[in-house]
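In what follows, a structure is listed as structure tokens, so that the remarks can point back to it.
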Amino acid sequence: MTEIVITMGKIAFVLFCVFNLLYVLLWLERKQSAVMQDRIGANRADIFGLRAWGLFHPIADAIKMICKEDFMPAAADKFVYTAAPFLAVFFSLVGFAVIPFGDTLTLGGHTIHLQIADLNVGLLYVFAMLSLGVYGFILAGWASNNNFAFLGGMRAGSQMISYEITMGATVMGLVILFQTLSLNQMVQAQGEYFFGFIPKWGVLLQPLGFLLFLIAGIAETKRIPFDLPEGESEIIGYFVEYSGMKFGMFMMTDFIETILLSAMLTTLFFGGWQIPYLHADGFHLGGLRLAINPVLVSFLQVAAFGLKVFCFCWLLLLIRWTLPRFRYDQLMALGWKFMLPLSLLNLAITGLVVLL
Amino acid sequence: MRRNHQIPLGAIVKGLALTAGHFFRNMRIHVAHLFGRRLQEKGMVTFQYPEERRPFSPRLRTRHRLTMRADGSPRCVACMMCETICPANCIYITAGEHPDPHIEKQPLKFDIDLGVCVFCGFCVEVCPEDAIRMDTGILEFAAYSRQEMILTMDKLLMKEGAQEPDRALMKENA
Ligand code: SF4
Ligand code: SF4
């Protein structure tokens, strides 16, 4: 019974964090792009005259989307058309189930693993969910019965397939090094040190792998510069026939996937919830020791994880607002002729080094 | 890899460095402003329009006005030069006799249809009496109907309580 309550609590906590980060990202998308471009950004939505730097704009967005007409094309497949946005959001959200956001927390005699489900194939699970997510987009394009939407859905499918291979081949390097598919064990392994003081984070073990994973990951989120499934200026994309909150769900999916990608990058390459030199009983560095309350340690770890995820979200937004969209042939050339050989090379070198 | 397939990775990194540089520079200034520091620097190049206005160039052509004599009557002598040169045909003048025998005529009606005006400034250039100028600095004259876009003489003289313009006359002139 307590187990179920604890699990429900963890799920609620993760969803709470994800949706709040989503809200912040909607705000950050406007504000960060503005500051990058020497502007101020949206700051007019106010509640009783309080503008709070435009923080209320996402609320205004939500109200607008909920109040809009829920349009459905006459020739659309009613059931699939309605189900597609739910599928897209669902599969992007369930990926968070295996992300460890902290070590164990001992509270009132209960040892709580700060991870919703510690699957021993956690890594494969995330990839499986990401691949299933593309059904939402393909079905949306197909069910709309619109040529451009269909084209967008097909583009989403082919892009996913191309970049998923790179992604998979890249993380195999990490799997070889850490000898596990469980994300929690991977994070634990990253708590070790080179020469006793350089944290053994994935990015130091696999710098090329990190770069490739980052690029492939951005392609998976379908945001600029890889937003060909959307392609506002040419085909508008798989959601061209969607309106109101159904469109809003597709927009949410993109942001949730951005958060998921940030969480994956943090977990795989930047030590997850690890803070260098912070262990379960306090700080250790050489001879230095500083005891810290274990609950505070857990809190610090969760906060560190959140901060790392946030930094990656910032980086992804920076990329999104800097680069123009690739041409379709460039996208395919980058995926198949550049990233895939490099990821295989990375895998081969890693294997050789481990073997020797 | 064929040339036109190449992805300019160096340029991508350079571009990211540039935008990130702008982000951090502007963020530093914005945060400093919160604490009342570095107020002479600006974190953006845009203006928060209704509250904060861009400085105008003195040569900017804005809404028209008719200049006045010392007694408050218009300087215009109804010579019709502006009405003749106006490329948009949007000035409508009715001339009348001036009580002062030294001045030949005066406008009884002087309407400008801003909905048609192209802001070329020819009317100002051509006026022999310096009676019409475009230096009010007024840019917001949008209205909900075409009728409201018509400036009457009272409005042009910048007096309060303008009259309705003469529609019949406009049709005749058009
Ligand atoms: S600015 Fe040009 S178009 Fe406008 S009233 Fe004067 S002459 Fe006519
Ligand atoms: S050119 Fe000058 S003086 Fe002549 S009608 Fe126009 S405003 Fe009056």
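In what follows, every heavy atom counts, from backbone to side chain, and hydrogens, waters and symmetry copies are set aside. Chain A is the first sequence line, chain B the second, and so forth, proteins listed ahead of strands; every chain is numbered from 1.
The number of heavy atoms from other shown groups lying within 6.0 Å of CZ (A:F148) does not exceed 12. The local environment of CD in B:E97 is sparse, with at most 12 non-hydrogen atoms from other residues, nucleotides or ligands closer than 6.0 Å. The environment of CD in B:E104 is sparse: at most 12 heavy-atom neighbours from other residues, nucleotides or ligands sit within 6.0 Å. Within 6.0 Å of CZ in B:R37 there are 12 or fewer heavy atoms belonging to other residues, nucleotides or ligands. Applying the 6.0 Å contact sphere to CZ of B:F122 captures no more than 12 heavy atoms from other residues, nucleotides or ligands. Other residues, nucleotides and ligands contribute only 12 or fewer heavy atoms inside 6.0 Å of the CZ atom of A:F310.
In this structure, B:K42 and A:D38 have side chains that are not in contact, with every pair of non-hydrogen atoms separated by 4.5 Å or more. Looking only at side-chain heavy atoms (C-beta outward), A:R44 and B:Q48 come within less than 4.5 Å of each other.
For the pairing with A:I319, the side chain to side chain contact (heavy atoms under 4.5 Å, CB included) check across B:L16, B:T19, B:I12 returns one residue only, B:L16.
Atom CD of residue A:Q32 and atom CG of residue B:N26 lie 12.0 Å apart, to the nearest 0.5 angstrom. One distance of note links CZ of B:F23 with CD of A:Q37; it measures 12.0 Å at 0.5 Å rounding. With values rounded to the nearest 0.5 angstrom, B:M44 atom CE is found 11.5 Å from A:R39 atom CZ.
In terms of heavy-atom proximity, A:R51 sits nearest to B:E51 at NH2-OE2, 3.9 Å.
Heavy atoms of A:I40 lying under 4.5 Å from chain B belong to its backbone as well as its side chain.
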